[in-house]
Visitor: 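Okay, here's the structure, questions in a sec.
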Amino acid sequence: MCGIVGYVGTKQAAPFLIEGLTKLEYRGYDSAGIAVFDGETINVEKTVGRLAALKEKLEGHVPVGCVGIGHTRWATHGRPSDRNSHPHTDCSGDFVVVHNGIIENYMSLKEQLIKKGHEFKSETDTEVIAHLLEELYTGDFEAAVREVLKRIDGSYSLVFMSKNDPDKLICTKKDNPLVIGLGDGENFIASDIPAIIARTRKTYIINDGEVAVVKKDSIWITNREGQPVTKKIFEVNWNAEAAEKGGYEHFMLKEIHEQPKAVRETMSARVAKDNSAIIMEELKWNKEYLDSFQKIFVVACGTAYNAALVGKYYIEKLVRIPVEVDIASEFRYRSPIIDDRTLTIVVSQSGETSDTLAALKESKRLGAKTLAITNVVGSSIAREADQVIYTWAGPEIAVASTKAYTTQLITMFMLAMYMAGIKGTVTPERTKELLTQLHQIPAQISETLEDVEPIKTFAKEYGFNEDVFFIGRSLDYAVALEGSLKLKEISYIHAEAYAAGELKHGTLALIIEGVPVIALATQKNVYEKTLSNIKEVKARDAVVIGIASANDSELEKYVDHVIKVPETDELLIPILTVVPLQLLAYYAAITRQCDVDKPRNLAKSVTVE
Ligand code: F6R
């Protein structure tokens with residue numbers, strides 16, 4: 001995620017750029033910048049930090065001019081810093097670009113451009129676009145942009161400006177949002193409607209592959225092939241706050257719906273095109289390095305801990321290295337047995353959780369090698385760890401973690417497959433099978449999200465129960481823990497997750513008539529056992545909602561209701577089964593009129609012990 005804006009008109013550009021970026025700060029806030037053409041040159045002002053830092057920097061010398069672009073960043077390639085902030089320029093400073101997305105083939109493009117003499121100023125993927133434009137420009141700005149688009153792979157929304165054609169901005173998109181706001185003698189470009197809603201409600205929603213040449217009094221839109229496109233004006237009728245949430249009532253619901261994209265982005269450039277291997281450019285491990293580990297710890301808190309439990313299963317199953325999972329606040333005080341044959345993996349969305357950071361430091365002190373899985377580039381945990389794998393979920397605003405969890409699962413799976421590839425513990429055939437299925441996951445999450453009506457009904461029906469139980473075995477148990485955490489934190493329902501086989505050792509005493517039990521049953525080797533446990537709770541008159549794979553025709557015979565998720569490998573199914581549980585928690589909270597995005601007593605980033 002990042003936010004981008006553009007202005008071309010007769011008024012000063014900078015005030016709109018800053019106002020628009022302020023409305024887009026929810027899309028990223030680690031650095032910001034603007035570029036404005038003053039009649040002679042394009043002046044770029046940018047800085048690390050929140051938008052407030054840019055505003056402070058501009059005090060007293062706001063760039064003057066009526067054409068400009070701006071950006072608020074959520075770092076993916078290159079840590080937050082002044083030079084990695086957007087806008088980015090070519091060698092001459094004549095071409096300037098802002099970008100939201102990821103350019104997957106930037107490394108090879110960068111190498112080619114360096115060989116041709118281009119000098120890079122940042123570590124970002126975006127800067128290659130500016131240099132590529134410079135390289136391909138032969139006097140026609142639009143033609144050069146089209147040549148750039150032929151050479152870049154990945155996801156993007158982009159706005160270009162050129163000193164040679166200062167009366168226009170060119171914008172385009174693929175897999176990232178972009179809108180044009182239609183003004184009177186002025187036009188606006190933005191990632192999202194909140195940025196422009198105060199200026200105009202008339203918009204064009206740009207589709208993938210469309211290229212728009214935007215001047216103050218005209219907008220010329222063509223498709224990928226260069227054919228003109230006739231677009232309908234989309235009249236916005238939401239208010240600014242609803243627009244910021246993309247029309248969703250809460251950030252949590254928006255983020256639940258962002259999961260297909262978040263997962264796709266996290267996978268992008270990490271799965272070989274022919275599904276034969278996982279590529280982890282950031283690690284560059286070899287067999288000798290992996291063989292040196294006798295043990296792996298995965299340490300985290302809350303939802304990230306639940307993701308770590310799935311990670312343990314992946315690594316032990318696919319790589320055959322023993323893994324211990326620990327809650328960060330426990331780990332640091334229990335004298336864990338660690339030496340230089342230990343790898344400690346910490347998982348943290350924010351990268352700032354103090355217990356996780358302390359556990360990481362303790363591990364390092366005892367001689368372990370360390371790896372962080374985090375969503376925030378340049379965060380304390382990212383800086384402290386020896387190595388980092390970033391999840392590319394974009395900013396998570398709602399306190400209840402959703403897209404961070406699914407991207408953590410994807411990352412843990414890719415990490416295990418990467419390690420298995422090096423150690424040769426998974427056959428090439430099985431690798432291909434798993435990675436082919438991995439590619440289906442984003443579309444399957446979307447499919448799961450469509451089936452929301454039954455979940456709303458269950459939430460209404462059972463939302464006023466004070467106790468809910470979640471059961472499952474193996475990977476289903478790990479997902480049950482996450483489902484129960486979601487339910488308690490946002491709906492304040494007392495929810496407990498149990499390994500299904502453990503119920504009869506005490507908890508079964510709490511199962512009485514009408515108590516809702518959510519039973520996950522997707523793992524083949526324990527399926528029959530789980531079924532027996534379901535029968536045990538049914539015999540005590542519990543109401544059972546089963547969560548099963550689409551190819552399961554058995555479970556519905558034993559439960560009161562069943563929610564099915566698309567069929568995939570049972571290793572990957574947790575990434576799908578958690579989705580109805582997130583939705584159930586969300587709609588239960590709505591039924592109980594809870595403050596979904598800001599649950600009581602909780603904060604997004606826990607930087608105290
Ligand atoms: C639950 C939730 C928390 C966090 C936990 C760790 O929805 O969000 O349990 O998972 O506080 O936070 P990070 O991942 O930022 O270290």
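Any value given below was found using the heavy atoms of this structure, including those in side chains, with hydrogens, waters and symmetry copies removed. First listed ligand is number 1; within each ligand, the first listed atom is number 1.
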Visitor: Which of the atoms in ligand 1, numbered in the order shown and given with their element, are less than 4.0 Å from a heavy-atom of K486?
Guide: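 Listed by number with element: 1 (C), 7 (O).
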Visitor: Return a yes/no value for E489: is any of its N or O atoms, backbone included, closer than 3.5 angstrom to an N or O of ligand 1?
Guide: yes
Visitor: Looking at K403 and E396, is there a salt bridge between them, counting it only when a charged N and a carboxylate O are closer than 4.0 Å?
Guide: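 Salt bridge: no.
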Visitor: Just which atoms of ligand 1 are under 4.0 Å from any heavy atom in S348?
Guide: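 The list of qualifying atoms is 13 (P), 14 (O), 15 (O), 16 (O).
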Visitor: What residues form a ring pair (Phe, Tyr, Trp, His ring centres under 6.0 Å) with H250, not counting sequence neighbours?
Guide: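 Testing H250 for ring pair (Phe, Tyr, Trp, His ring centres under 6.0 Å), a comparison that skips the adjacent residues, returns Y586.
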Visitor: Any Lys/Arg nitrogen of R79 or E123 sitting under 4.0 Å from an Asp/Glu carboxylate oxygen of the other?
Guide: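 Looking at R79 and E123, the cut-off is not met.
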Visitor: Which one of T448, D451, V578, T522 satisfies the side chain to side chain contact (heavy atoms under 4.5 Å, CB included) criterion with V565?
Guide: T448
Visitor: For residues 374-416, pull every pair meeting ring pair (Phe, Tyr, Trp, His ring centres under 6.0 Å), keeping only residues two or more places apart or in separate chains.
Guide: H77-W392, Y314-F413
Visitor: Just which atoms of ligand 1 are under 4.0 Å from any heavy atom in Q349?
Guide: 13 (P), 14 (O), 15 (O), 16 (O)
Visitor: Closer than 4.0 angstrom, basic N to acidic O: yes or no for R334 and D326?
Guide: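 Salt bridge present between R334 and D326.
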Visitor: Going by the atom numbers of ligand 1, which of them fall below 4.0 Å from some non-hydrogen atom of S350?
Guide: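 In order of numbering, the contacting atoms are 13 (P), 15 (O), 16 (O).
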Visitor: Check whether any heavy atom of V399 sits under 4.0 Å from an atom of ligand 1.
Guide: yes
Visitor: Under 4.0 Å between a Lys/Arg side-chain N and an Asp/Glu carboxylate O for D552 and K564?
Guide: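 Result for this pair is no, no salt bridge flagged.
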Visitor: Under 3.5 Å between any N/O of T356 and any N/O of ligand 1: does that happen in this structure?
Guide: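 In this structure, T356 places no N or O atom under 3.5 Å from an N or O of ligand 1.
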Visitor: Taking only non-hydrogen atoms of E396, do any sit less than 4.0 angstrom from ligand 1?
Guide: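 For ligand 1, residue contact (heavy atoms, under 4.0 Å) with E396 is absent.
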Visitor: Only heavy atoms of A304, strictly under 4.0 Å: list the atoms of ligand 1 that pass.
Guide: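 Numbered from 1, ligand 1 contributes 10 (O), 14 (O).
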Visitor: For ligand 1, which atoms, with element, lie under 4.0 Å from some heavy atom of A400?
Guide: 7 (O)
